[in-house]
Amino acid sequence: MMDPRPRPRTMSLGAFVHETGQHVAGWRHPDAHTGAGTNFGQMVDAARTAERGLFDLFFLADTAALSLAGDPAVQGRFGKAAKFEPITVLSALAAMTTHIGLVGTVSSTFSDPYLLARQFASLDQISGGRAGWNLVTSNNEAEALNHSREAHPAHADRYERAIEFAAVVQGLWESWDEDAFIRDKDSGMFFDPTKVHALNHQGRHFQVRGPLNVARSPQGRPVLVQAGASDTGRGVAAQLAEIVFTAQTTFEQGQEFYGDVMRRVTEYGRAPADVRVLPGIYPVVGRTKAEAEEKFAYLQSLIDPAVGLSVLGHTIGVPNLAQYPLDGPVPDMAITNGPRSRQALLLEAARRDNLTLRQLCELNAGPRGHLLICGTAVQIADEMEQWFRGGAADGFNVMPAWLPGSLTEFVDEVVPELQNRGLYRTAYEGTTLRDHLGLPAQKARG
């Protein structure tokens with residue numbers, strides 16, 4: 001019999017992975033993998049390390065464009081120029097792992113809902129119920145040029161399309177009842193036609209008949225992840241998301257975001273227990289705080305100033321930052337059509353801490369506006385516990401600076417500390433991503 005007592009609340013952890021690590025110069029670390037965008041074995045190594053750490057999910061960052069703007073000598077210093085297409089590599093990783101969830105980033109702005117629904121439903125079947133879709137609207141304006149567009153759609157238009165896109169995808173994932181497939185060789189009946197449902201969606205952006213020609217997901221449907229902290233992004237998260245990925249740099253910011261999203265969740269008639277808020281965390285682990293700070297300083301020393309400027313310009317959607325004095329104050333910048341919440345977060349940090357443009361570039365080169373914790377395993381766990389118990393997070397997306405070292409150090413040193421405090425699982429208790437997150441399986445309509 002199952003234990004009727006409720007499980008104690010524990011953290012959820014995701015490994016948020018760029019092929020060469022979160023830090024813009026992480027690939028330059030002497031022990032770093034440099035070929036994960038072309039070397040599948042290195043991706044397997046990262047996924048298996050996260051699974052050894054009992055992570056809920058392996059979360060692939062993605063963008064569908066390589067910017068050709070600026071000085072070619074600067075372009076050639078970017079370590080994230082080559083990357084695998086997410087669905088392809090996650091499907092391959094499904095065969096190389098057994099429990100960890102597999103979450104991929106795919107833009108609603110430049111995709112088709114039927115194709116996306118089919119891809120993630122297939123990934124969920126292949127992995128035995130471990131798939132999740134990170135819905136983004138694209139903050140890289142260069143993506144428009146790769147999808148037969150002359151310009152990036154406006155911020156409000158992208159989110160309007162995203163809401164309808166997600167509704168279509170979720171409707172298609174409901175195409176089949178759980179017991180629709182009979183597969184009776186004697187009678188010759190393969191499936192029950194009364195248990196398959198056409199969607200017949202007619203909307204402003206999409207007209208989709210359905211049904212989906214992939215069977216119902218082992219976990220009901222893939223988990224929906226949404227990243228965005230603008231007012232519009234918060235509304236979309238509250239309406240649709242089961243995991244909310246966000247960037248907050250202080251505990252107070254985290255509390256405000258968490259409380260606001262959960263308030264909006266209830267306004268949409270959803271239960272807060274059905275949503276997990278996972279801020280990004282950039283941990284630098286040392287045996288002492290001084291050692292951690294030394295590691296952080298070493299990576300920072302590898303940043304090429306021109307690359308730092310270029311990355312900051314992309315992050316906040318403001319090109320041509322090279323026109324400003326590098327050691328002067330951060331200039332006033334208008335809100336752009338790009339990543340609005342990230343722009344506001346970084347500019348707020350610059351004003352709060354009186355940063356120069358160089359210092360803001362360095363701050364952005366690793367954490368990208370996420371929570372930076374530099375210290376021992378105990379110190380990192382202390383801050384994670386404060387956020388978790390203090391109403392600022394249900395867990396974290398861990399963003400390793402470089403691979404494999406930063407992820408390995410977190411798994412070997414911070415995870416045991418969290419386990420000793422009773423904050424984190426000591427074994428997987430289920431097989432699906434919903435099991436890991438403590439989210440209910442989605443029941444079929446039939």
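Here the structure is a predicted model, which means the values were calculated and not measured.
In plain terms, the two heavy atoms of Ile380 and Pro283 that are nearest each other are CD1-CB, 4.2 Å. The minimum heavy-atom distance linking Ala46 with Leu407 is given by the pair O-CD2, 3.5 Å. Across every non-hydrogen atom of Ile303 and Ala365, the tightest pair is CD1-CB, 3.4 Å. Thr38 and Ala82 make their closest contact through CG2-CB, 4.3 Å (heavy atoms, listed as atom of the first residue, atom of the second, distance). Scanning both residues, Ser108 and Thr137, for their nearest heavy atoms gives OG-CG2, 4.0 Å. Across Pro211 and Tyr114, no two heavy atoms sit closer than the pair O-OH, 3.4 Å.
For the pair Phe84 and Asp62, the minimum side-chain heavy-atom distance is 4.5 Å or more. Under the 4.5 Å side-chain criterion, counting only non-hydrogen atoms from C-beta, Glu385 is in contact with Leu423. Between Val106 and Asn134 there is no side-chain heavy-atom pair separated by less than 4.5 Å. Leu326 is not listed as a side-chain neighbour of Thr356, based on a closest heavy-atom distance of 4.5 Å or more. Side-chain atoms of Trp133 and Gln119, non-hydrogen and from C-beta on, never get closer than 4.5 Å to each other. Inter-residue side-chain proximity for Phe257 and Val277 is flagged as met; some heavy-atom pair is nearer than 4.5 Å. Using a 4.5 Å heavy-atom cutoff, the side chains of Val103 and Leu60 are not in contact. Annotation: side chain of Arg434 is not in contact with side chain of Pro440 (no heavy-atom distance under 4.5 Å).
The existence of a salt bridge linking Asp56 and Arg425 is confirmed by a sub-4.0 Å separation between a basic side-chain nitrogen and an acidic carboxylate oxygen. Ion pair Arg52/Asp412 flagged as a salt bridge, since at least one NZ, NE, NH1 or NH2 atom sits closer than 4.0 Å to an Asp/Glu carboxylate oxygen. Salt-bridge check for Lys289 with Glu293: passed, with a basic side-chain N closer than 4.0 Å to an acidic carboxylate O. Using a cutoff of 4.0 Å between basic side-chain nitrogens and carboxylate oxygens, Arg287 and Glu413 are not scored as salt-bridged. No salt bridge links Asp177 with Arg216; every basic N to acidic carboxylate O contact stays at or beyond 4.0 Å. Under 4.0 Å is where a charged nitrogen must lie from a carboxylate oxygen, and between Arg264 and Asp231 at least one such pair does.
The structure places CG of Leu363 at 8.0 Å from CD of Gln300, a figure rounded to the nearest 0.5 Å. Met384 contributes atom CE, which lies 10.0 Å from atom CZ of Arg421 (distance to the nearest 0.5 angstrom). Annotation: the span from Phe120 atom CZ to Leu212 atom CG amounts to 13.0 Å, rounded to 0.5 Å. The line from CG of Asn364 to CG of Leu312 is 5.0 Å long, rounded to the nearest 0.5 Å. The OG1 atom of Thr20 lies 9.0 Å from the CH2 atom of Trp27; values are rounded to the nearest 0.5 Å. We find the CG-CG distance between Leu371 and Asn397 to be 12.0 Å, quoted to the nearest 0.5 Å.
Residues Phe181 and Trp176 bring their aromatic ring centres within 6.0 Å. Close placement of the His370 and Phe245 rings is indicated, their centers lying within 6.0 Å of each other. Taking the six-membered ring for Trp and the full ring otherwise, the centers of His205 and Phe165 sit at least 6.0 Å from each other. Here Trp402 and Tyr282 keep their ring centres 6.0 angstrom or further from each other. Checked against the 6.0 Å centroid criterion, the rings of Phe16 and Phe58 do not qualify as a close aromatic pair.
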>> Let's go through Leu93 and Phe40 carefully: what are the C-alpha distance in whole Å and the side-chain angles of both, what is the deciding distance for side-chain contact (heavy atoms from CB on, under 4.5 Å) to 0.1 Å, and is it a yes or a no?
In response: CA-CA 9 Å; Leu93 288 173; Phe40 177 61; 3.8 Å; yes
> After noting the C-alpha distance and the side-chain angles of Arg221 and Glu174, does the key distance pass the salt bridge (charged side-chain N to carboxylate O under 4.0 Å, His left out) rule?
Replying inline: CA-CA 8 Å; Arg221 67 179 187 223; Glu174 297 293 330; 3.6 Å; yes
> Under the side-chain hydrogen bond (donor to acceptor under 3.5 Å, both in side chains) criterion, do Thr88 and Glu85 qualify, and how do the steps go?
Replying inline: CA-CA 6 Å; Thr88 304; Glu85 187 282 316; 2.6 Å; yes
> Which is it for Glu19 and Gln42 under the side-chain hydrogen bond (donor to acceptor under 3.5 Å, both in side chains) test, yes or no, and what are the steps along the way?
Replying inline: CA-CA 9 Å; Glu19 284 78 359; Gln42 292 181 359; over 6 Å; no
>> I'd like to know whether Leu224 forms a side-chain contact (heavy atoms from CB on, under 4.5 Å) with Gln170, so could you lay out the CA-CA distance, the side-chain angles of the two residues, the decisive distance to 0.1 Å, and finally the verdict.
In response: CA-CA 9 Å; Leu224 181 59; Gln170 290 180 316; 3.6 Å; yes
>> For Trp387 and Gln255: C-alpha separation, side-chain torsions, deciding distance, then whether side-chain contact (heavy atoms from CB on, under 4.5 Å) applies.
In response: CA-CA 8 Å; Trp387 282 58; Gln255 281 185 313; over 6 Å; no
>> Test side-chain contact (heavy atoms from CB on, under 4.5 Å) on Leu418 and Met11; report intermediate values, then the result.
In response: CA-CA 9 Å; Leu418 295 172; Met11 286 184 189; 4.0 Å; yes
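Of the possible polar contacts, none joining the Arg130 side chain to the Leu433 backbone as a donor-acceptor pair under 3.5 Å is found. Looking only at distances, no side-chain donor or acceptor of Arg118 sits under 3.5 Å from a matching main-chain atom of Val214. Here the side chain of Gln419 pairs no donor or acceptor atom with the backbone of Tyr424 at under 3.5 angstrom. Using a distance-only test at 3.5 Å, with no hydrogens or angles considered, a donor-acceptor pair links the side chain of Arg28 to the main chain of Leu302. A donor-acceptor pair is defined here as one N or O able to donate and one able to accept, closer than 3.5 Å; no such pair exists between the side chain of Glu242 and the backbone of Val223. The closest donor-acceptor contact from the side chain of Ser175 to the backbone of Leu172 lies under 3.5 Å. One N or O on the side chain of Lys295 and one on the backbone of Val285 form a donor-acceptor pair closer than 3.5 Å. Looking at Arg352, its side chain never comes within 3.5 Å of a backbone N or O of Leu347 through a donor-acceptor pair. Under the 3.5 Å distance criterion, the side-chain polar atoms of Arg77 are left unmatched by any main-chain donor or acceptor of Asp304. Formation of a donor-acceptor pair under 3.5 Å by the Ser107 side chain with backbone atoms of Thr109 is found in this model.
Between the side chains of Asp394 and Tyr258, at least one donor-acceptor pair of N or O atoms lies under 3.5 Å. No side-chain N or O of Glu291 forms a donor-acceptor pair with one of Thr288 less than 3.5 Å apart.
More than 12 heavy-atom neighbours from other residues, nucleotides or ligands sit within 6.0 angstrom of CD on Glu256. Shown here is Arg183, whose CZ atom has more than 12 heavy atoms of other residues, nucleotides or ligands within 6.0 Å.
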Acceptor/donor pairs from residues 29-36 side chains to any protein atom, 3.5 angstrom cut, sequence neighbours excluded:
residue: His29; atom: ND1; partner: Asp31; partner atom: N; Å: 3.1

